[in-house]
There are 2 protein chains.
Amino acid sequence: MAQRMPRTPDISVAKCSYSLVLDMISSKWVVLVIYAMEDGPVRYGEFSRRIEGISKKMLTQTLRQLERDGLIERDIHPTVPPAVEYRLTALGESLLPFMRQLKTWAAANLPLVEAARTRFDAQSLAE
Amino acid sequence: MAQRMPRTPDISVAKCSYSLVLDMISSKWVVLVIYAMEDGPVRYGEFSRRIEGISKKMLTQTLRQLERDGLIERDIHPTVPPAVEYRLTALGESLLPFMRQLKTWAAANLPLVEAARTRFDAQSLAE
DNA sequence: GTAAGTAGGAACTTTTAAGTAACCAGTTAG
DNA sequence: CTAACTGGTTACTTAAAAGTTCCTACTTAC
């Protein structure tokens with residue numbers, strides 16, 4: 001008895017490190033932008049072309065957020081049409097192993113998730 | 001030359017497994033709910049008390065989503081006040097190592113992120 | 001002169017996520 | 001009789017995220 005009876009909350013959004021990290025990477029475009037830089041620097045226009053459906057506003061906004069968090073760096077080459085290159089910092093690269101694990105998990109388990117959803121939806125309909 | 005010149009987009013939200021997995025876990029309460037179940041089944045009311053600020057609506061919604069994705073299971077005990085227990089499935093538990101890695105990363109790197117933000121904001125103000 | 005490329009910024013609208021409040025059935029305690 | 005507990009549902013409102021459109025300034029090609 002008297003085993004784990006928390007009268008006051010012990011889990012909070014503001015303190016949970018899961019939430020803090022997820023806030024950094026969980027917006028719609030962040031992972032795609034990081035993914036694009038996996039094997040080297042990428043220019044603004046190249047992101048635009050490679051990432052399907054991203055608007056200039058969302059691209060700029062996503063890049064600024066990543067720069068603010070210290071995950072990427074901006075190199076401005078003052079050439080005739082100015083060229084701006086973005087690349088991962090050491091901090092940004094330290095997220096890659098974690099993203100690769102995510103990918104491995106997805107490959108193995110997303111089909112199971114799909115199946116669970118189908119089951120759940122079928123059952124909901126039946127009731 | 002002719003090295004990596006994608007004329008058509010090769011990165012898309014709909015296909016990227018990062019995005020698909022993040023969709024599952026990136027809502028505000030999901031990680032907190034999973035976290036609460038880390039060391040055993042938890043009842044509805046216990047979630048309410050332990051997770052600071054969660055409303056019944058968001059709790060129910062989060063639990064239903066996790067159940068639909070096959071990450072948790074519901075056990076209804078038809079006792080006098082009905083008791084409903086939630087626990088992680090094998091699929092749900094398979095996410096735990098990944099979440100622990102996230103926590104490790106956070107412990108090591110969140111201070112660096114904080115510092116980067118402070119620098120960035122100071123510089124933005126100065127310009 | 002005009003269209004297209006460079007890398008954005010600002011204003012505005014739409015869509016989605018989240019929060020609030022009231023209510024339900026059933027039982028027990030006062 | 002009323003309040004409180006169990007585990008929710010429903011309707012409505014608010015706040016945040018994302019999308020759309022038009023604009024900048026400079027250069028080159030047509």
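Sequence lines set the chain letters: A, B, ... in the order given, protein chains first and strands last, and positions in each chain run from 1.
- With rounding to whole Å, B/Asp23 atom CG is found 13 Å from D/dA17 atom C1'.
- Heavy-atom neighbours of B/Tyr35 OH from other residues, nucleotides or ligands within 6.0 Å: at or below the threshold of 12.
- Rounded to a whole Å, the NE2 atom of B/His77 is 13 Å from the C1' atom of D/dG7.
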Distance-only donor-acceptor hits, side chain of residues 73-81 of chain B, under 3.5 Å, sequence neighbours excluded:
from: B/Glu73; atom 1: OE1; to: B/Arg87; atom 2: NH1; distance (Å): 3.0
from: B/Glu73; atom 1: OE1; to: B/Arg87; atom 2: NH2; distance (Å): 3.2
from: B/Arg74; atom 1: NE; to: B/Tyr86; atom 2: OH; distance (Å): 3.3
from: B/Asp75; atom 1: OD2; to: B/Arg87; atom 2: NE; distance (Å): 2.9
from: B/Asp75; atom 1: OD2; to: B/Arg87; atom 2: NH2; distance (Å): 3.4
from: B/Thr79; atom 1: OG1; to: B/His77; atom 2: O; distance (Å): 3.3
from: B/Thr79; atom 1: OG1; to: B/Pro81; atom 2: O; distance (Å): 2.9

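- Legend: salt bridge (charged side-chain N to carboxylate O under 4.0 Å, His left out) pairs involving residues 91-112 of chain A, not counting sequence neighbours, sorted by first then second residue: A/Glu38-A/Arg100.
- For the side chain to side chain contact (heavy atoms under 4.5 Å, CB included) with A/Thr62, the lone residue among A/Val31, A/Val30, A/Ile34 that qualifies is A/Val30.
- Distance alone, capped at 3.5 Å, places no donor-acceptor pair between the B/Glu52 side chain and the A/Val13 backbone.
- The residues A/Arg117 and A/Glu114 are annotated as salt-bridged, a charged nitrogen and a carboxylate oxygen being separated by less than 4.0 angstrom.
- Remark: A/Asn109 pairs with no residue by the side chain to side chain donor-acceptor pair (under 3.5 Å) rule, at least two apart or across chains.
- Taking B/Ser94 as the reference, A/Trp105 meet the side chain to side chain donor-acceptor pair (under 3.5 Å) condition, with sequence neighbours excluded.
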Expected rows: protein N/O vs nucleotides 1-3 of chain D N/O, under 3.5 Å:
none

Protein proximity profile, nucleotides 5-21 of chain C - base contact B, sugar-phosphate-only contact S, no contact -, cut-off 4.0 Å on heavy atoms: -SBBS-B------BBB-
